[in-house]
Amino acid sequence: MTVRTRFAPSPTGLLHIGGARTALYCWLESRRRGGKFVLRIEDTDRERSTDVAVQAILDAMAWLGLAHDEGPIYQTARLGRYQQVANELVAQGKAYYAYESREEIDAMRAAAQAAGDKPRYNGYYRERNEPLREDPNRVIRFKNPREGSVVFDDKVKGRVEWANAELDDLVIFRSDGWPTYNFAVVVDDMDMGITEVIRGDDHVNNTPRQINIYHALGAPVPQFAHLPMILDKEGKKLSKRTSAVGVMDYRELGFLPHALLNYLVRLGWSHGDQEIFSIDEMVALFDIADVNKAPSRFDMEKLAWINQHYLKTDDPTTLVAEFEWHLTRAGIDVAHGPQPLDVLLALRDRVHTLKEMAERARIWYAPIVEWDDKAVAKHLRNANALSVLQAARASLAAAADWSPAMVQQMVQEIAAQMELGLGKVAQPLRVAITGTQVSPSIEDTVYLAGRAEALKRIDAALVIAGQ
RNA sequence: GCUCCCUUCGUCUAGUGGCCCAGGACACUGCCCUCUCAAGGCGGGAACACGAGUUCGAGUCUCGUAGGGAGCACCA
């Protein structure tokens with residue numbers, strides 16, 4: 001039997017980090033085992049589902065590179081099928097109509113809780129066999145077994161056992177004519193031949209009742225794997241209030257999709273001491289059965305480290321497009337200034353994100369807006385600065401070519417001629433070009449400015465140094 | 001309240017009864033390198049929640065305690 005996994009988000013918001021990891025694991029598991037990955041949109045909640053959210057999820061999946069083999073399949077397109085299956089269940093006496101109002105059910109739950117039990121339905125209509133009638137409160141409830149227990153071997157949680165006495169007769173069809181989640185997933189997973197259900201562990205408690213529905217339908221029960229939650233830095237539930245939660249927020253923050261994927265695959269899973277995984281390695285090595293049971297915290301600093309790793313080791317030409325996206329976003333006009341590829345090369349092991357890289361690139365695309373006082377005081381207004389800058393200006397103006405190597409050689413020559421350390425030459429030049437005392441190597445810093453702009457800035461610095 | 005689940009350095013984790021007075025990574029930190037900042041190299045501090053038990057021997061097995069989480073919807 002071929003392995004089939006599915007990712008089934010409900011389009012009520014962004015694709016968040018937890019969902020992205022679930023999708024990754026589903027994708028990885030299907031890839032490694034030569035199976036299929038199905039994308040299903042669970043949009044039966046007509047109140048909260050939106051087309052915008054559907055598109056946001058699709059965009060995020062595409063950015064991450066998690067391509068589905070089938071779908072997207074929309075649950076709203078399958079209403080007839082759910083009705084058909086529910087009717088069969090009723091006809092077979094495995095489900096029944098119930099007519100309680102919300103108030104009556106609330107009272108029922110309150111009574112159960114007062115008796116020290118968990119709030120649940122008391123099964124009033126279970127054996128009444130009342131004739132079908134029109135009623136605004138009419139729902140269909142599943143006849144859950146009352147005896148025995150449900151046992152399943154979860155691939156990450158291990159063996160889970162649940163007494164049927166703990167379960168009540170859940171609603172499978174609402175009074176508004178739409179199926180409920182617990183019913184629709186089972187029908188879908190059955191129809192789509194899903195063999196591995198990988199999802200968040202907030203669903204563990206739903207699994208026993210879903211298994212009972214599989215049994216009632218005479219369908220094979222898939223394997224389950226329930227993933228622990230991803231918490232924020234404080235160990236609390238991830239929320240917009242405290243952290244970036246949407247996958248696309250991470251794009252804006254300057255992270256690479258591969259870095260996010262690599263971080264996510266290591267969150268709750270490992271392969272010995274290995275930290276860095278190419279996509280192919282993930283596919284070859286990942287096994288859902290090796291995922292940890294405990295929840296883990298999201299650590300932005302480790303993500304940043306991984307991101308920098310890819311920034312400095314990936315083929316730079318594959319990174320340029322994403323870098324230009326960030327430059328544009330930072331309001332930088334790439335048409336006037338150095339090649340983005342050269343800038344990327346100069347900055348890639350000095351920053352953790354592309355966003356930071358774009359911000360630091362500004363110095364070569366736009367004029368100096370503000371001189372750093374300390375930098376000026378320390379490196380421009382000292383005994384040697386004036387003569388160093390004059391020598392550099394003359395040399396740069398006369399240079400036969402314009403390259404980092406030329407700048408490098410010039411700096412060394414001036415240092416030798418004036419009997420100064422390299423720092424005494426490079427720092428005044430750096431401040432002249434950037435207005436600050438921090439930038440990439442002096443040869444890159446000057447080279448990237450371009451000859452005309454470099455001379456212009458040195459002239460301006462000469463004025464300041466002479467004051 | 002009830003049911004289920006979880007617990008190794010600050011964080012992510014290795015560890016499937018002796019190889020562990022617990023290994024790696026991020027973060028922190030010392031030194032080296034050095035034109036600044038990084039990157040890189042070499043070091044350092046830092047954890048088996050607690051208590052019983054099983055065993056010659058327990059981070060690893062059992063039970064309990066404490067702490068944390070999830071679910072108990074006509075939401076997914």
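All of these numbers come straight from a predicted model, not from anything done at the bench. Order of the sequence lines fixes the chain letters, A, B, ..., with proteins taken first and strands second; residue numbering starts at 1 for each chain.
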Roughly how far apart are A:Gln113 CD and A:Arg109 CZ, rounded to 0.5 Å?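 Between atom CD of A:Gln113 and atom CZ of A:Arg109 there are 10.0 Å.
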
Presence of donor-acceptor pair under 3.5 Å, side chain of A:Asp273 and base of B:G23: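 Looking at the base of B:G23, it does pair with a donor or acceptor on the side chain of A:Asp273 (distance under 3.5 Å).
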
Check if the side chain of A:Glu275 and the base of B:G24 share a donor-acceptor pair of N or O atoms closer than 3.5 Å.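 Per atom types, the contact qualifies.
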
Less than 4.0 angstrom between a side-chain N/O of [X] and OP1 or OP2 of [N], yes or no?
{"X": "A:Arg141", "N": "B:C74", "result": "yes"}
{"X": "A:Asn182", "N": "B:A73", "result": "no"}
{"X": "A:Arg174", "N": "B:A76", "result": "yes"}

Whole angstrom value for the distance that separates [atom2] of [N] from [atom1] of [X]:
{"X": "A:Asp444", "N": "B:C37", "atom1": "CG", "atom2": "P", "result": "17 Å"}
{"X": "A:Asp232", "N": "B:G69", "atom1": "CG", "atom2": "P", "result": "12 Å"}
{"X": "A:Asp169", "N": "B:C72", "atom1": "CG", "atom2": "P", "result": "16 Å"}
{"X": "A:Arg297", "N": "B:A47", "atom1": "CZ", "atom2": "C1'", "result": "14 Å"}
{"X": "A:Trp305", "N": "B:G10", "atom1": "CH2", "atom2": "P", "result": "20 Å"}
{"X": "A:Glu103", "N": "B:A73", "atom1": "CD", "atom2": "P", "result": "16 Å"}
{"X": "A:Leu345", "N": "B:A39", "atom1": "CG", "atom2": "P", "result": "17 Å"}
{"X": "A:Arg102", "N": "B:C75", "atom1": "CZ", "atom2": "C1'", "result": "11 Å"}

Closest to the [X] side chain: [options]?
{"X": "A:Leu422", "options": "B:U36, B:A25, B:C35", "result": "B:C35"}
{"X": "A:Glu301", "options": "B:C75, B:A27, B:A38", "result": "B:A27"}
{"X": "A:Lys302", "options": "B:C26, B:A70, B:A38", "result": "B:C26"}
{"X": "A:Thr44", "options": "B:A39, B:A76, B:A70", "result": "B:A76"}
{"X": "A:Gln427", "options": "B:C35, B:A70, B:C75", "result": "B:C35"}
{"X": "A:Asp45", "options": "B:A76, B:C35, B:C74", "result": "B:A76"}

Could you work out the separation of B:U29 and B:U54 based on their C1' atoms and round it to a whole Å?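 The same atom, C1', in both gives a distance of 43 Å.
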
Aromatic plane relationship, A:Phe277 with A:Trp269 - under 30° parallel, 30 to 60° tilted, over 60° perpendicular: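 Rings of A:Trp269 and A:Phe277: tilted, 30 to 60°.
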
Measuring only between side-chain heavy atoms, which start at C-beta, is [X] closer than 4.5 Å to [Y]?
{"X": "A:Glu275", "Y": "A:Ile306", "answer": "no"}
{"X": "A:Arg266", "Y": "A:Lys302", "answer": "yes"}
{"X": "A:Arg430", "Y": "A:His379", "answer": "no"}

Indicate, with a heavy-atom threshold strictly under 4.0 Å, whether [X] touches base, sugar-phosphate, or nothing.
{"X": "A:Glu100", "result": "base"}
{"X": "A:Pro208", "result": "nothing"}
{"X": "A:Ser175", "result": "base"}
{"X": "A:Lys233", "result": "nothing"}
{"X": "A:His203", "result": "base"}
{"X": "A:Glu47", "result": "nothing"}
{"X": "A:Asp168", "result": "nothing"}
{"X": "A:Ile442", "result": "base"}
{"X": "A:Arg109", "result": "sugar-phosphate"}
{"X": "A:Glu42", "result": "sugar-phosphate"}
{"X": "A:Gly200", "result": "nothing"}

Has [X] got a side-chain atom pairing as donor or acceptor with [Y]'s backbone, closer than 3.5 angstrom?
{"X": "A:Thr180", "Y": "A:Val171", "answer": "yes"}
{"X": "A:Asp314", "Y": "A:Pro316", "answer": "no"}
{"X": "A:Asn292", "Y": "A:Ala294", "answer": "no"}

Just name whichever nucleotide pairs with [N], Watson-Crick or G-U, keeping both distances under 3.5 Å, else none.
{"N": "B:G45", "value": "none"}
{"N": "B:C2", "value": "B:G71"}
{"N": "B:C56", "value": "B:G18"}
{"N": "B:A38", "value": "none"}

May I ask you to check whether A:Gln75 and A:Asp43 show a side-chain donor-acceptor distance below 3.5 Å?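 Checked: A:Gln75/A:Asp43 side chains show no N/O donor-acceptor pair below 3.5 Å.
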
For A:Thr313 and A:Arg348: C-alpha separation, side-chain torsions, deciding distance, then whether side-chain hydrogen bond (donor to acceptor under 3.5 Å, both in side chains) applies. CA-CA 9 Å; A:Thr313 57; A:Arg348 65 176 179 168; over 6 Å; no

Cation-aromatic face contact A:Arg133/A:Tyr99, 6.0 Å, 45 degrees: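 Relative to the ring axis of A:Tyr99, which defines the angle, A:Arg133 lies inside both limits.
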
Does NZ or CZ of A:Arg141 lie under 6.0 Å from the centre of the six-membered ring of A:Tyr97, at an angle within 45° of the ring axis?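 Judged by the rule, A:Arg141 and A:Tyr97 form no cation-pi pair.
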
Provide a list of protein-nucleic acid N or O atom pairs under 3.5 angstrom, restricted to nucleotides 3-7 of chain B.
from, atom 1, to, atom 2, distance (Å)
B:U3, O4', A:Lys118, NZ, 3.4
B:C5, O2', A:Lys157, NZ, 3.3
B:C6, OP1, A:Lys293, NZ, 3.2

Shorter than 3.5 Å, N or O on both sides, protein versus nucleotides 64-66 of chain B: list them out with atom names.
none

If each of A:Ile105 and A:Ser296 is mapped to the nucleotide of RNA chain B with the nearest heavy atom, which maps nearer the 5' terminus, i.e. the 5' end?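 Between the two, 5'-proximity favours A:Ser296.
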
Closer to the 5' end of RNA chain B via nearest nucleotide, is it A:Asp290 or A:Ala8?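 First, find each residue's nearest nucleotide; the 5'-ward one identifies A:Asp290.
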
Answer yes when A:Arg209 and A:Asp168 have at least one side-chain N-carboxylate O distance shorter than 4.0 Å, and no when they do not.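 Looking at A:Asp168 together with A:Arg209, the answer is yes, because their closest N to O distance falls below 4.0 Å.
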
